[in-house]
Asker: 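Submitted below is the structure of interest, expressed as structure tokens.
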Amino acid sequence: MSYRLPRLARVLKSRPRVLARAGELDRHALHREFMTREEVMSQLRLHGITDLADVEQVVLEPNGMISVVRRDHGEPDEPHPPADLP
């Protein structure tokens, strides 16, 4: 539908939402996206980050994935799959 009506696409398609900047969570954005601090920290750990202070920006992408930009602008990590439990 948004292909035929480009103006409607702005309303129907979601946009990336910044969840954290410069190591600080945006509580309003978390509330709007129905997310908790623990959920964001879980996603950061999947990217190999244990401290929010190491993050420049955390973005919730339209496809539901979390993108992370490190403060040191190092190579981006792909999320690691959960380890198999014994």
Asker: Taking the side chain as every heavy atom from C-beta outward, state whether Leu60 and Met35 have any atom pair closer than 4.5 Å.
Answerer: yes
Asker: State plainly whether one hydrophobic cluster holds both Val69 and Val55, where clusters connect Ile, Leu, Val, Met, Phe, Trp and Tyr through side-chain heavy atoms under 4.5 angstrom apart.
Answerer: no
Asker: Please check if Val59 and Ile49 belong to a single hydrophobic cluster, counting links between Ile, Leu, Val, Met, Phe, Trp and Tyr side chain heavy atoms closer than 4.5 Å.
Answerer: no
Asker: Considering all heavy atoms of both residues, which atom of Arg21 and which atom of Gln57 are nearest to each other, and what is their separation?
Answerer: NE-NE2, 3.8 Å
Asker: With sequence neighbours excluded, give me every salt bridge (charged side-chain N to carboxylate O under 4.0 Å, His left out) pair touching residues 52-64.
Answerer: none
Asker: Find out whether Leu30 and Thr36 are in side-chain contact, i.e. whether some heavy atom of one side chain is under 4.5 Å from a heavy atom of the other.
Answerer: no
Asker: Any salt bridge (charged side-chain N to carboxylate O under 4.0 Å, His left out) involving residues 24-36? Give me the pairs, sequence neighbours left out, ordered by first then second residue.
Answerer: Arg17-Glu33
Asker: Should Ile66 and Leu46 count as side-chain neighbours, where that means a heavy-atom distance under 4.5 Å?
Answerer: no
Asker: Please give me the minimum heavy-atom distance between Leu25 and Ala20, naming the atom from each residue.
Answerer: CD2-CB, 3.8 Å
